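The next block holds one structure in the form of structure tokens; read it before the comments.
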Amino acid sequence: MRLKAIASFIIRDLKLIVRDKSLVFWLIAWPLIWIFMTAYIFVPPATGEGTVTIKLGVVNMDNSQVSFNGSLLITIMKEVKYNGSNLFNIKLYSSEEEALQALRKGELDAVIIVPDGFGYNATNIMRETRLIAYIGSRTPQSAQITSSIITNFFNGFSKELSLKRMDTLQKIIEQLPISEEGKQWFNISIRGIMRPLNMTFEKVYPEAFETRARILGWYTIGAVGMMFLYSGFNSGASLIVSEKERGTLKKLFSTPLTEGEFLTGGFLSQLTMLLISALILIIVGTSPVIGASIAFNPFNPAHLLAIIFIVCGALMSMSIGSLISLISKTWSSASNLATVLGLLLSFTTGVWFPIEWMPQPIRVLAIIFPPAWSIEASRRILVFETVMETLILDAIKIFSSTILLLTVALISYRTMIRRYSEY
Amino acid sequence: MSNKKMENEIIIVKEVTKSYNGFTALNSVSFTVKSGEVYVVLGPNGAGKSTLFNIIAGVMKPSSGSVKVLGDAPSNPSTRLKISYLPPTPPLYPWLTVMENIDFYSSLYGLSRNDARKEAMELLEILGIKDLSNKLASKLSTGQGKLASIVLALVVRPELLILDEPTTGLDPGMRRNIINLLRKQASNKTTILMATHLIDEAEELANRVAIMDKGRIIAEGGVEELKKLYAPPAVLVIKPSEENVKKASDVLKRHWSNIYSSNDEVRLHTENPDEDMPKAVLMLSENGIRILSVSVDKPTLEDVFLKLTGRRLTE
């Protein structure tokens, strides 16, 4: 195999990167658009600092003439702040029907009905206090967020109420003519009855997701994966059919170029383009404009393994592209099919959107789709900083599937060359 | 066959047949091309010329029969090193300049960039397109693309040059430049195998001509040899008004059998033009057919093709 012939393919196609605007768009601009959107829309710079304010309609039917009642509850809710912002934007309604109508129109996120006797029940240690909440569902996400915030608020409120009641009970027990041990037993038992489970919640993020920069690092690797899928598929699918339609295939095969040199040269030139594009995406992603954090140390073997995984991801995507070329009769149909399939798979196999967002049946795709393994393994190294020892199984899976897919690609291309040499 | 004779035969095509999808593109084609010859394959579109050239260039396999080029199989890379094949469509990469295209292809032949560029500049100058060397191929006109492709083919200094319709779509000036360049190549002992459907080109360049029709070689030999064998001593070319061509042909067929008509003329193959011309003019006048011009021409390869197939090459 002559290196000069192979190198000439790489030199030829590198010029394409600077001269073909549509290629620049798909290789670099499109994934960058996603990185920018993520950095400034989906994970904006103020992530974690802002709060959601719930538009809450309240119908107060409580007429209790006690120290704590519906009016006081509304005053408290109006005052509740989280990270400096009001948690609720409250609007009062005179009837349940009127409030629900506003909820249905989408003017409110939720409605709380404070029934008559709420204050009386709340201040009486032996009574159950009731509230009714209606949650609006403009979108599944908004309903989930509203429900979660209201539930959390009233859980906290209920806890405070329990503590007040326990204090009151304790005072009553103090007055009872029983031994100290008996009083202590009563106190513990009451506490247990009132709060059967005293659970504390602390949010512990994976180390990688502690900061916005790391989240963006996750998405930057995702953008590389997304670009690999549609561009890699496209490169693999177009490798031979593009030469045929351009009228260059016959000329190439009339030169001393061997089939092996042609396939190696073509594959390496496409791989080089994908890797240059990946490098640009990572450089822009980690630049101050985006602010992604990706751990990379050239002396860390695990980090070098991540590069190999990335190369494997590109090779596997191109190899899958070769299969697309087998079922496409023209360059444009191969290219269109490759782009659509690549984008679809990048959104459904955990490459761009986290796999946890996908319904259970779709998750199977990520499990069986080898290019997604290489992207995920690279993320574990470069974003989660996984150690080398935990990557052995990944490496075996990724290397063996790369070899397998490259073999399939070789067979596909040879089949195509034979097919074209027949006509 | 003696070894000396074999060495002299650059291309040996033996009983080559090519069929696909039930269609026979080539039917038992055989011929040989000798070293230093300009061998022109003449035939109408669809005659099988391109299929034949693809097989000789090693990019297509025959269904049966054999092809030897420079004593070896054409698919052998060492054979290909000495061959340069130019398909009918310019094989240029649109995002590369003319010179970059030349760099790319010449590197596949293992040529050094400097040598190739030096040679290319000379060829570009001869063809009058030196100023296009840094122009992107996508910006070239069809004719300019064809000329640039000729440079691609010649820059590697092949022993055998295979050209499939190299001048189709070119204006007369460009065509003249190419013919002159090919003549120069031929004088430098480059063997040239060329396909065309242009009579004058074939007559001007060819040492030997193969006439192809419907996948077969129907005649082969030197230009004059073919004319002697198949063409009459003279051709009476009558141009009636366009709407009367068919009528004129029908009238003349009553008296002569060798009448061939096209869109604008009727050709009468004749042994005795001095006698036949006034007779034909009179017959047409008597039938009310207005004649625009009448001339007696020497026969061309077109007349050979007419004689053999009853059709014109460009039909």
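Sequence lines set the chain letters: A, B, ... in the order given, protein chains first and strands last, and positions in each chain run from 1. Model, not experiment: these values are computed from the prediction.
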Nearest heavy atoms of [X] and [Y], plus distance in Å:
{"X": "B:R80", "Y": "A:L257", "result": "NH1-O, 3.4 Å"}
{"X": "B:P87", "Y": "A:G247", "result": "CG-O, 4.3 Å"}
{"X": "B:Y105", "Y": "A:K251", "result": "CE2-CG, 3.4 Å"}

message: If I take atom CZ from residue A:R19 and atom OG from residue B:S138, how far apart are they, to the nearest 0.5 angstrom?
response: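 Between atom CZ of A:R19 and atom OG of B:S138 there are 9.5 Å.
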
query: How many angstroms lie between atom CG of A:L252 and atom OH of B:Y85, to the nearest 0.5 angstrom?
result: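 Rounded to the nearest 0.5 Å, the CG-OH separation comes out at 12.0 Å.
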
- prompt: In terms of heavy-atom proximity below 4.5 Å to chain A, should B:L111 be classed as side chain, backbone, both, or neither?
  reply: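 Looking at B:L111, just its backbone touches chain A.
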
- prompt: Under a 4.5 Å heavy-atom cut-off, does chain A meet the side chain of B:L92, its backbone, both or neither?
  reply: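 Contact with chain A is through the backbone of B:L92 alone.
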
Qualifying residue, where the test is side chain to side chain contact (heavy atoms under 4.5 Å, CB included) with B:W95 and the options are A:L23, A:V18, A:D20, A:D13: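 Single side chain to side chain contact (heavy atoms under 4.5 Å, CB included) partner of B:W95 among A:L23, A:V18, A:D20, A:D13: A:D13.
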
message: What part of A:E261 gets within 4.5 angstrom of chain B, counting heavy atoms only: side chain, backbone, both, or neither?
response: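 For A:E261, neither part sits under 4.5 Å from chain B.
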
message: Which atoms of A:T255 are under 4.5 Å from chain B, going by heavy atoms: the side chain, the backbone, both sets, or neither?
response: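 Its backbone and side chain both get close to chain B.
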
- prompt: Is B:L108 close to A:S8 at the side-chain level, that is, under 4.5 Å between some pair of heavy atoms?
  reply: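 The answer is yes; the side chains approach within 4.5 Å.
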
task: Look at atom CD1 of A:I327 and say whether more than 12 heavy atoms of other residues, nucleotides or ligands are closer to it than 6.0 Å.
output: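 Yes, because the 6.0 Å sphere around CD1 of A:I327 holds more than 12 heavy atoms from other groups.
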
- request: Taking atom NZ of B:K14 as the centre, report whether more than 12 heavy atoms of other residues, nucleotides or ligands fall under 6.0 Å from it.
  value: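 Atom NZ in B:K14 is not packed in, count stays at 12 or less.
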
field: Interface residue of largest heavy-atom contact number with chain B, from A:R12, A:K4, A:R2, under 4.5 Å
entry: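 Going by pairs under 4.5 Å, I would pick A:R12.
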
Closest-packed option against chain A by number of heavy-atom pairs under 4.5 Å, given B:T89, B:L81, B:L152: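 When all of B:T89, B:L81, B:L152 are compared, B:L81 has the most.
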
